[in-house]
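Report on one structure; see the data block that follows.
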Protein chains: 2
Amino acid sequence: MEAMPYNRPMLLALLRKHDISPTHQRLEIAQVLFRRCHHLSADQILVMVNKRHAETSKATVYNTLNLFRDCGLIREVIVDPKRVFYDPNTEPHHHLYNVDSGEITDIAADALSVSGLPDLPPGMVTVGVDIIVRIRASDSLLG
Amino acid sequence: MEAMPYNRPMLLALLRKHDISPTHQRLEIAQVLFRRCHHLSADQILVMVNKRHAETSKATVYNTLNLFRDCGLIREVIVDPKRVFYDPNTEPHHHLYNVDSGEITDIAADALSVSGLPDLPPGMVTVGVDIIVRIRASDSLLG
DNA sequence: CTCTACATTAGACAAAGTCCAATAATTGAA
DNA sequence: TTCAATTATTGGACTTTGTCTAATGTAGAG
Ligand SMILES: [Mn+2]
Ligand SMILES: [Mn+2]
Ligand SMILES: [Zn+2]
Ligand SMILES: [Zn+2]
């Protein structure tokens with residue numbers, strides 16, 4: 001896994017490499033996504049990006065996340081029916097999901113192996129294999 | 001895996017066993033869920049249950065699905081950010097998800113093995129491991 | 001600097017799901 | 001069987017996540 005780009009020049013180069021016009025808003029959103037390698041929802045990103053000055057709209061956050069996703073810069077993590085999380089790590093990997101807190105943690109793909117995947121129907125191809133390990137505190141309700 | 005209950009008496013017994021009052025609406029919903037062992041969304045169930053006569057409200061469908069889920073009669077399948085699917089098969093198993101058509105197919109748990117799951121943080125316990133194999137037609141866009 | 005293509009925006013809209021307070025059904029005890 | 005108490009159902013308001021649109025703003029090639 002390569003290092004994440006931290007600073008403006010690196011982010012700018014990253015966007016240019018993907019033929020994305022590096023607007024102010026896109027750079028701000030990229031910075032939030034790539035600086036700390038977290039799993040964030042659109043709403044969390046909207047708040048973070050407008051922390052200093054309100055300068056990015058909800059529509060732009062969604063536009064940008066969809067653009068970055070389509071370009072393969074980020075990927076979606078579907079673990080919570082209430083909202084999508086965006087993951088700056090596009091290397092194959094899996095997730096630990098704390099169902100109480102909502103916290104999402106990476107599991108390296110090479111730490112983990114799956115065998116016995118079924119043959120696909122003819123003419124079908126695998127887009128990806130997502131493994132989600134749902135965890136909770138052992139003393140929480142039901143425990 | 002045991003056979004699914006088809007008819008009214010069996011469904012009635014199933015609900016009673018879980019201390020669920022077997023109302024007309026709950027029996028209709030159970031019948032839709034258990035008769036054909038599909039993965040259905042709340043909206044699909046609402047439509048199916050009201051096919052003959054409109055007799056069950058949206059609120060009741062959601063109430064009932066949440067009740068059945070809390071009782072362990074069904075489980076949720078989280079693969080599509082747009083809606084939850086409900087699965088009458090609560091045995092451990094995994095899913096093939098056709099991202100184009102939305103079709104969900106079961107993968108038997110014993111067909112498949114995962115090794116290398118990480119140690120959990122102390123005091124944490126696994127609720128479940130979900131594996132989703134996302135597939136599409138090899139000649140679809142991008143293919 | 002100008003022009004054009006592209007990006008951003010507010011706010012309307014849509015869909016999934018929850019909540020509420022009024023009504024209706026179920027149930028078990030009398 | 002009756003009846004009161006409990007529990008379930010309901011329409012519709014509400015919330016949240018996300019998309020769309022048409023008006024405005026901006027970037028950057030020439
Ligand atoms: Mn939802
Ligand atoms: Mn959604
Ligand atoms: Zn991740
Ligand atoms: Zn299933």
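Numbered from 1 within each chain, the chains take letters A, B, ... in sequence-line order. All heavy atoms count here, side chains included; hydrogens, waters and symmetry mates do not.
Two residues, B:S21 and B:S41, neighbour DNA chain C, and the one matched to the more 5' nucleotide by heavy-atom proximity is B:S41. Mapped onto DNA chain C by nearest heavy atom, A:T56 and B:H24 fall at different nucleotides, with A:T56 at the one closer to the 5' end.
Between the side chain of B:S138 and the backbone N or O of A:G123, at least one donor-acceptor pair lies under 3.5 Å.
Of the side-chain N and O atoms in B:N66, one or more sit less than 4.0 angstrom from OP1 or OP2 of C:dT18. Side-chain N/O atoms of B:R83 include none lying less than 4.0 angstrom from OP1 or OP2 on C:dA15. The shortest distance between the side-chain N/O atoms of A:T23 and the OP1/OP2 oxygens of C:dC6 is not below 4.0 Å. Distances shorter than 4.0 Å separate some side-chain N or O of A:T60 from OP1 or OP2 on C:dT9. For C:dT9, one of the phosphate oxygens OP1 or OP2 lies less than 4.0 angstrom from a side-chain nitrogen or oxygen of A:Q25. Within the 4.0 Å cut-off from OP1 or OP2 of C:dG17, at least one side-chain nitrogen or oxygen of B:Y62 is found.
Separating the CG atom of B:L40 from the C1' atom of C:dA16 is a distance of 16 Å, rounded to the nearest angstrom. Rounded to an integer number of Å, the gap from CG of B:L46 to P of C:dA16 is 11 Å. In this structure, B:L67 atom CG and C:dG17 atom C1' are separated by 17 Å, rounded to whole Å. In this structure, CG of B:D80 is placed 17 Å from P of D:dT17, rounded to the nearest angstrom. Rounded to whole angstrom, the span from the CZ atom of A:R16 across to the C1' atom of D:dG28 amounts to 10 Å. In this structure, CD of B:E55 is placed 17 Å from C1' of D:dG11, rounded to the nearest angstrom. Remark: C1' of D:dT19 and CG of A:D43 are 15 Å apart, rounded to the nearest angstrom. A straight line from CG of B:L65 to P of D:dA8 spans 15 Å, rounded to a whole angstrom.
Proximity note for A:S57 (side chain, C-beta onward) versus D:dG18, C:dT9, D:dT9: the nearest is C:dT9. Listed candidates were C:dT8, C:dC19, C:dA12. Nearest to the side chain of A:K58 is C:dA12. For B:A42, counting side-chain heavy atoms from C-beta on, the closest listed nucleotide (C:dT8, C:dG17, D:dT9) is C:dG17.
Inspection of the B:H39 and B:D106 side chains reveals an N or O donor paired with an N or O acceptor under 3.5 Å.
Atoms CZ and CG, on B:R26 and B:L67 in that order, are 5.0 Å from each other to the nearest 0.5 Å. Taking CG of A:D130 as the start and NE2 of A:H93 as the end, the distance is 9.0 Å to the nearest 0.5 Å.
Between B:D43 and B:R83, none of the side-chain N atoms (NZ, or NE/NH1/NH2) sits under 4.0 Å from a carboxylate O, so this pair counts as no salt bridge.
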